[in-house]
Undergrad: 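Sending over a structure as structure tokens; questions will come in a sec.
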Amino acid sequence: MRIGYPCVNESLDCTATSTFRLASYSDERVELAVANNLGCLLRILQFNVAQGLLFFRIGSGIVPFGSHPVNVFPWQTRFADEFRAVGDYIKAHHMRVSFHPDQFVVLNSPDAGIVERSIQELVYQGSMLDLMGLDSTHKLQIHVGGLYGDRELAISRFIDTYRRLPAAVTARLVIENDDRLFSLQDCLRVHAAVGIPILFDNFHHECLNHGEPMMEALRLAAATWHPERDGVMMMDYSSQALGERKGKHTATLEEDLFRNFLVDVGDLDVDIMLEIKDKEASAQRACGILRDVGRIAILAGATTE
DNA sequence: AGCCGTCAAGTTTAC
DNA sequence: GTAAACTTGACGGCT
């Protein structure tokens, strides 16, 4: 089991998502930004290894305007060595990484232009994993998309689009249950049609479900991951921010809730991405809790033998 | 030097 | 019909 956090490290003064405005686009700025971002990404990964955090979500903005037609800079060849070095580091330390294209990637949109731009974004993000030399256990996670007033049609449109995706994308694409529109059950239907793994989000499941207990939901999602092709299940973990709008992520890890969640996880192998505002601070505490729970389990085992 | 409106992209929900 | 939320920093024009 690995624990990680998304995109931003708050301890280091180094950001892997530096960018600039479209209006000030130039090839030179792309080159500067990518050099900075890959350098910072490696530093963040080194920091993570030192902390025992072996799961990390890489931000979408490593290459500014990476899938935009304005960007014709040959970053794939210019930074081939740097991407390869990052990938070598990840493999050497048995880390796992993912990408989470943001809300503009909507594969089930009725607008063909939006679908095409979405596919290009997925191709861009997948190509970074290719350049790093990372296999299909490193994933691209998206949501099913919009509802457009007709759930059946929306799901079937996702399936149709999925079948047209390039193999480099489908090898890595996973869908996540969301908190308002597409539940775990909806994702399971998409999985049944095309075999796409489901990245389980416990907090979204708490917000939107059909009565499945957490332990059952985890096992349903885990069964959608093909061990050799996909690796162990990835999941997002969070909890409700107290006193805030329903669905708002907590600012910091609620340790008791996380400890209880690990009990539900049991002996299921899963890599956990903490979607929590204070990033690596909570991730480090989560690692400590995981070690405690493991130690207690070992002690409990010892006393019964 | 510091303030602060704005930033490629989509969709839903609240007002 | 328009704006906020998703999530968030930081770009960059302006004083």
Undergrad: Mind checking whether A:F65 and A:Y25 have parallel, tilted or perpendicular rings, split at 30° and 60°?
TA: perpendicular

Undergrad: To the nearest Å, give me how far apart CG (A:D13) and C1' (C:dA10) are.
TA: 13 Å

Undergrad: Within the structure provided, determine whether A:N37 and A:S18 are in side-chain contact (heavy-atom separation under 4.5 Å).
TA: yes

Undergrad: If I pick the P atom on C:dA4 and the same atom on B:dG5, what distance separates them, to the nearest angstrom?
TA: 13 Å

Undergrad: Taking the P atom of each, how far is C:dG12 from B:dA9, in whole Å?
TA: 16 Å

Undergrad: Rounded to whole angstrom units, what separation is found between the CZ atom of A:R57 and the C1' atom of C:dT7?
TA: 11 Å

Undergrad: Compare all side-chain heavy atoms of A:L41 with those of A:Y89 and state whether any distance is below 4.5 angstrom.
TA: no

Undergrad: What dot-bracket string describes DNA chain C from 5' to 3', counting Watson-Crick and G-U wobble pairs whose defining distances are under 3.5 Å, with [ ] for crossing pairs and | for pairs to another strand?
TA: ||||||..|||||||

Undergrad: So do the side chains of A:W75 and A:E31 get within less than 4.5 Å of each other, counting heavy atoms only?
TA: no

Undergrad: Just by distance, no angles: are the side chains of A:Q76 and A:S127 close enough, under 3.5 Å, to form a donor-acceptor pair?
TA: no

Undergrad: Using the P atom in both, what is the distance from B:dC4 to C:dT7, to the nearest Å?
TA: 26 Å

Undergrad: Any side-chain N or O of A:S18 less than 4.0 Å from the OP1 or OP2 oxygen of C:dC11?
TA: no

Undergrad: Output the rounded distance in Å from CG (A:D278) to P (C:dT8).
TA: 11 Å

Undergrad: Pick base, sugar-phosphate or nothing for A:S24, based on heavy-atom distances below 4.0 Å to the nucleic acid.
TA: sugar-phosphate

Undergrad: For A:F182 together with A:H143, are the ring centres under 6.0 Å from each other?
TA: no

Undergrad: When the distance from CD1 of A:I44 to C1' of C:dG9 is rounded to whole Å, what number comes out?
TA: 13 Å

Undergrad: Is a donor on one side and an acceptor on the other found under 3.5 Å between the side chain of A:S238 and the backbone of A:F203?
TA: no

Undergrad: Should the pair A:R172-A:D130 be classified as a salt bridge under the 4.0 Å nitrogen-to-oxygen rule?
TA: yes

Undergrad: Rounded to whole angstroms, how far apart are NZ on A:K248 and P on C:dA4?
TA: 15 Å

Undergrad: Given A:F99, which of A:R57, A:M128, A:Q141 fulfils the side chain to side chain contact (heavy atoms under 4.5 Å, CB included) condition?
TA: A:M128

Undergrad: Rounded off to whole Å, could you give me the OH-to-C1' distance for the A:Y25 and C:dC11 pair?
TA: 17 Å

Undergrad: Could you state the atom-to-atom distance from NE2 of A:H100 to P of C:dT8 in whole Å?
TA: 11 Å

Undergrad: What's the gap between B:dG10 and C:dC11 when it is taken at their P atoms, as a whole Å value?
TA: 24 Å

Undergrad: Which parts of nucleotides 5-15 of chain B does protein reach within less than 4.0 Å, heavy atoms only, written one letter per nucleotide 5' to 3' as B for base, S for sugar-phosphate only and - for none?
TA: BBBBBBSSS--

Undergrad: Under 4.0 Å between a side-chain N or O of A:K279 and OP1 or OP2 of C:dT7?
TA: no

